[in-house]
Amino acid sequence: MGRYGELGLSAGKELPAQPTQVARPNSPEARAQAQRNDAISVTLDDGTNRGFAASPTQEPRQVPYLTPENPVAVGDTARITAPVIVDYRFDKWRLQPTTPMVPGKEPARFSGSADPKPGVGGQVRIASFNVLNYFTTVGQDKGCRGGNYSTDGTYNVAQGCDARGAYDRADFERQQAKTVSVINKVDASVVGLMEVENSAKLGEPKDEALASLVKALNKAAGYTKWAYVPVADSELQPVAEQDFITNAIVYQPREVTQVGQARALGSEAVAGGAFENARTPIAATFTATKGGGKHGAAPTTVVVNHFKSKGSAPRTGPNRDTGDGQGAWNTSRVAQASAVVDWIPELTAAAGSQDVAVLGDFNSYAQEDPLQEFYRAGYARAAEDDYTYVFGGQVGSLDHMLISPSLAKRMTGAAAWNINSGQSPLLQYAQYRTTALDYYVPNEVASSDHDPFIAGFRAGTK
């Protein structure tokens, strides 16, 4: 929407779903889903070929349909209110207005409601959230190029360098306000985070960014609500072989107690290891501080992951994009899933409990090969029908919580909180004032491009 004023519509109540979210790659069912997506989808256009983004040489324009008061989101209902022309161009069926679009006089109206935080119950709640490159080291301080030009003459994100998040301090404050809002409102006992700055890799004190996030969370909460889990250097690969972004775990000491030391699969993150091209998995075990009953609270091990992405496809070799819907680097993701499955018995033996939640950004939809590794090992998705990500106008889950059979017996509820994936990127800090209107609000909505996922569990073993 923010680039050319296009808005995807679909017929019926069911959203277009990623084929490999609902069916195995290359299966008749996956092909049928792709055909259904094509059949129900149409693009509402703005009747022009002009862009909307600001640049040093171009004045920004107002994007149609989207206003700060009524931000159109995935799942909203559309009503065509004026004549449109049906045409086919650029490989899509389109609805064109009879005259070039004028904001406020669009030929459609939209209605919807905010997605309330799911109630999952339980005395212990576990969540997963990709925080969209939370870097306290901003690009301007590292001499990075700026990206996403703003109407105030600055940039929003760092590009082409080691800093991956905000370009300057003002943008970082906007980003942090949203990140803090969503984590505090998720209010889980334990939260696995992806895309946090690996401060040690930047030559800074270890966990500086993570500690800063916890400080900001506690300040907003008004008390010492959160703590973070440190991971010993002995568990990790050498800093030279680490990524600039890392996984992390924060938790509420009033609700859970960490048992033993955190672990990391650093042995598989060195050259030649399964996680050589991804982020090192980390794990920690927790027990509830209250509610365990006469049998005591059950230790639960939380394993946080961020597998290799689907992009930047090599042209040849086993990790090329084969066209089966799983994208590039699928062979790497399968190896990463297998390595985590093989690691878990070591973790459960140390914890003295088989209760495990494997969570994170797997960069794999629900029926793709990497997830099959967990299913074969007995793990199940905590919620089957929820989605956490939207790509190409189709919904699916790249973020999952996979739970062991014993933990499943304690689960009281699980769901994604769809506050991010269905929102226009123009609402994110990274797109601050890149078009004519200011959409930024310092709340949890559009805090990332991934939705948080939450599950609740009883504290006791019985």
Any non-hydrogen side-chain atom of Y387 less than 4.5 Å from a side-chain atom of Q21? no
Residue pair T20 / E368, side-chain donor-acceptor N/O under 3.5 Å: yes
Please name the pair of heavy atoms, one in T280 and one in A264, separated by the smallest distance, quoted to 0.1 Å. CG2-CB, 4.2 Å
Taking all heavy atoms of N363 and all of K310, pick out the closest pair and write down the distance. O-CE, 3.2 Å
Full working for side chain to side chain donor-acceptor pair (under 3.5 Å) between N148 and T434: CA-CA 7 Å; N148 296 351; T434 53; over 6 Å; no
Any residue meeting salt bridge (charged side-chain N to carboxylate O under 4.0 Å, His left out) with R254, in chain and number order, not counting sequence neighbours: none
Aromatic plane relationship, H450 with Y389 - under 30° parallel, 30 to 60° tilted, over 60° perpendicular: tilted
Evaluate the side-chain proximity of E6 to L44: yes if any heavy-atom separation is below 4.5 Å, no if none is. no
Consider only side-chain N and O atoms of S150 and N156, and report whether a donor and an acceptor are under 3.5 Å apart. no
Out of Y365, F307, F362, which residue meets the ring-ring contact (aromatic ring centres under 6.0 Å, His included) rule with H400? F362
Would you check if there is a donor-acceptor pair between the side chains of N37 and Q33 at a distance under 3.5 Å? yes
Tell me yes or no: between the side chains of T224 and N218, is some donor less than 3.5 Å from an acceptor? no
If you measure from OG1 on T412 to CZ on F457, what distance do you get to the nearest 0.5 Å? 7.5 Å
Close side-chain approach of V63 and L437, heavy atoms under 4.5 Å: no
Salt bridge (charged side-chain N to carboxylate O under 4.0 Å, His left out) involving K185 - partner list, sequence neighbours excluded: E444
Would you mind reporting whether L210 and V250 have side-chain heavy atoms less than 4.5 Å apart? yes
Determine whether F129 and S447 make a side-chain contact, defined as any pair of heavy atoms from C-beta on separated by less than 4.5 Å. yes
Atom CD of E173: over 12 foreign heavy atoms under 6.0 Å: yes
Mark yes when over 12 heavy atoms from residues, nucleotides or ligands other than Y375 sit less than 6.0 Å from its OH; otherwise mark no. yes
V356 versus L407: any side-chain heavy-atom pair under 4.5 Å? no
Inter-residue atom distance D451.CG - S421.OG, 0.5 Å rounding: 3.5 Å
Which atoms form the tightest heavy-atom contact between Q175 and N133, and what is the distance? NE2-O, 2.8 Å
Main chain of G272, side chain of E276: is a donor-acceptor contact present, judged purely on distance under 3.5 Å? yes
If I take atom OG1 from residue T322 and atom CG from residue N330, how far apart are they, to the nearest 0.5 angstrom? 7.0 Å
Sub-3.5 Å donor-acceptor pair from the side chain of D115 to the main-chain atoms of N418, do we have one? yes
Would you say E195 and Y134 are linked by a side-chain donor-acceptor pair, where the criterion is simply a distance under 3.5 Å? no
Which pair of heavy atoms, one from E197 and one from T137, lies closest together, and at what distance? OE1-N, 2.9 Å
Could you tell me whether the side chain of R315 reaches within less than 4.5 Å of the side chain of R320, counting heavy atoms only? no
Basic-acidic side-chain contact under 4.0 Å: D361, R279: no
For residues F172 and Y429, establish whether the separation of their ring centroids is below 6.0 Å. no
Exam field: side chain Q123 to backbone A459, donor-acceptor pair closer than 3.5 Å: yes
Once the angle between the rings of Y379 and F374 is folded into 0 to 90°, is it parallel (under 30°), tilted (30 to 60°) or perpendicular (over 60°)? perpendicular
Are any of the side-chain nitrogens in E255 or R125 under 4.0 Å away from the carboxylate oxygens of its partner? yes
Report yes if some heavy atom in the side chain of R410 is under 4.5 Å from a heavy atom in the side chain of I403; otherwise report no. no
Are more than 12 heavy atoms, taken from residues, nucleotides or ligands other than D385, located less than 6.0 Å from that residue's CG atom? no
Is a donor from one side chain sitting under 3.5 angstrom from an acceptor on the other, for N277 and Q336? yes
Verdict with supporting geometry, D162 and K142, salt bridge (charged side-chain N to carboxylate O under 4.0 Å, His left out): CA-CA 8 Å; D162 299 335; K142 288 289 186 180; over 6 Å; no
Suppose we screen for salt bridge (charged side-chain N to carboxylate O under 4.0 Å, His left out). Which residues come up paired with E204, at least two apart in sequence or across chains? none
